[in-house]
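Lettering of chains follows the sequences in order, A, B, ..., and the numbering in each one begins at 1. Source: prediction; values computed, not measured.
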Amino acid sequence: MSDENPGPAGLPEYAERVLEVAERIPPGRVMTYGDIAEWLEEGGPRQVGRAMSLYGRAVPWWRVVRSDGVLLPGAEQRALAHYRAEGTPLRDSAAGPRLDMRRARWDGSDGGGGRLHD
DNA sequence: ATAATGACGTCGG
DNA sequence: TCCGACGCCATTA
């Protein structure tokens, strides 16, 4: 049987962990698919992306982004509105606004002294 | 079992 | 900066 091991919330355990991290990302900051995978020490960027596409609608999905800072295809306007509202660092490129990963990327550590950037 | 697909990532040109 | 080729890995066809 194609078992998915649904957790208490009714979704696969792995997806549940991904969503848990996504909810942890502070406003104005973002995390990449790859970073979340490493942080979980399980799966890879594509698995995180899959989990988000299937179950991520209930969490701040706009804070989970690609490493190159490209806005989520198909939801660019929605994402942009959130970024502006949260003050997420953006960058202007010829093709349009992109995330300024250098400043927006969050490593998973809380602000309490554990910041590695900036 | 093999091939194609996807909310990815890195590298070379 | 932009674009294509490859690598990666679970799911689908």
Side-chain angles (χ1 to χ4, degrees):
Chain A
M1 327 211 286
S2 10
D3 217 297
E4 279 185 7
N5 284 319
L11 29 79
E13 203 179 328
Y14 181 68
E16 204 178 321
R17 269 183 230 151
V18 171
L19 300 188
E20 200 176 327
V21 176
E23 280 186 11
R24 224 178 108 73
I25 305 174
R29 285 322 229 354
V30 300
M31 243 177 131
T32 74
Y33 300 98
D35 283 349
I36 292 180
E38 282 194 15
W39 204 86
L40 292 174
E41 292 184 304
E42 188 178 355
R46 314 207 74 135
Q47 280 53 250
V48 173
R50 172 174 260 281
M52 288 301 292
S53 72
L54 294 175
Y55 313 103
R57 54 308 165 19
V59 300
W61 50 266
W62 58 92
R63 296 183 193 149
V64 182
V65 301
R66 259 168 75 156
S67 63
D68 58 4
V70 155
L71 305 196
L72 180 62
E76 301 170 331
Q77 298 306 313
R78 254 99 43 135
L80 193 52
H82 283 294
Y83 296 143
R84 281 174 167 154
E86 295 183 1
T88 310
L90 298 168
R91 256 194 97 132
D92 270 348
S93 80
R98 297 209 323 210
L99 285 155
D100 186 341
M101 293 311 286
R102 183 74 123 177
R103 295 196 297 163
R105 196 171 190 178
W106 185 57
D107 35 29
S109 48
D110 288 339
R115 63 105 151 263
L116 276 31
H117 305 301
D118 198 63

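- When the salt bridge (charged side-chain N to carboxylate O under 4.0 Å, His left out) test is applied to A/Arg46, no partner is found at least two apart in sequence or on another chain.
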Please determine whether side chain to side chain contact (heavy atoms under 4.5 Å, CB included) holds for the pair A/Arg78 and A/Trp62, giving the CA-CA distance in whole Å, both sets of side-chain angles, and the decisive distance to 0.1 Å. CA-CA 8 Å; A/Arg78 254 99 43 135; A/Trp62 58 92; over 6 Å; no
Detail all sub-3.5 Å separations between protein N/O atoms and N/O atoms belonging to nucleotides 7-10 of chain C.
unit_1: C/dA10; atom_1: O4'; unit_2: A/Gln47; atom_2: OE1; d: 3.0

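- Contacts between chain A and DNA chain B, taken as any atom within less than 4.0 angstrom of a protein heavy atom, begin and end at B/dG6 to B/dT10.
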Show your reasoning for whether side chain to side chain contact (heavy atoms under 4.5 Å, CB included) applies to A/Met31 and A/Val64. CA-CA 5 Å; A/Met31 243 177 131; A/Val64 182; 5.6 Å; no
Test side chain to side chain contact (heavy atoms under 4.5 Å, CB included) applied to A/Tyr83 and A/Leu71, step by step: CA-CA 10 Å; A/Tyr83 296 143; A/Leu71 305 196; 3.6 Å; yes
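- Residue A/Ala75 is classed as having no contact, given no heavy-atom separation below 4.0 Å to the nucleic acid.
- The C1' atoms of B/dG6 and C/dG7 are separated by 14 Å, rounded to the nearest whole Å.
- In this structure, A/Arg57 reaches neither bases nor backbone, as no heavy-atom distance under 4.0 Å exists between it and the strands shown.
- Between the A/Tyr14 side chain and the A/Glu42 main chain, a donor and an acceptor come within less than 3.5 Å of each other.
- Panel note: side chain A/Arg29, backbone A/Arg103; a donor-acceptor pair is recorded below 3.5 Å.
- Residue contacts for A/Ser53: at a heavy-atom cut-off of 4.0 Å it reaches a base atom on one of the strands shown.
- When the shell of 6.0 Å around CD of A/Glu20 is examined, it contains 12 or fewer heavy atoms from other residues, nucleotides or ligands.
- Atom name P, nucleotides C/dC6 and B/dA7: the rounded distance is 22 Å, in whole Å.
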Could you give me the CA-CA distance, side-chain angles and deciding distance for A/Val30 and A/Met101, then say whether side chain to side chain contact (heavy atoms under 4.5 Å, CB included) is met? CA-CA 8 Å; A/Val30 300; A/Met101 293 311 286; 4.0 Å; yes
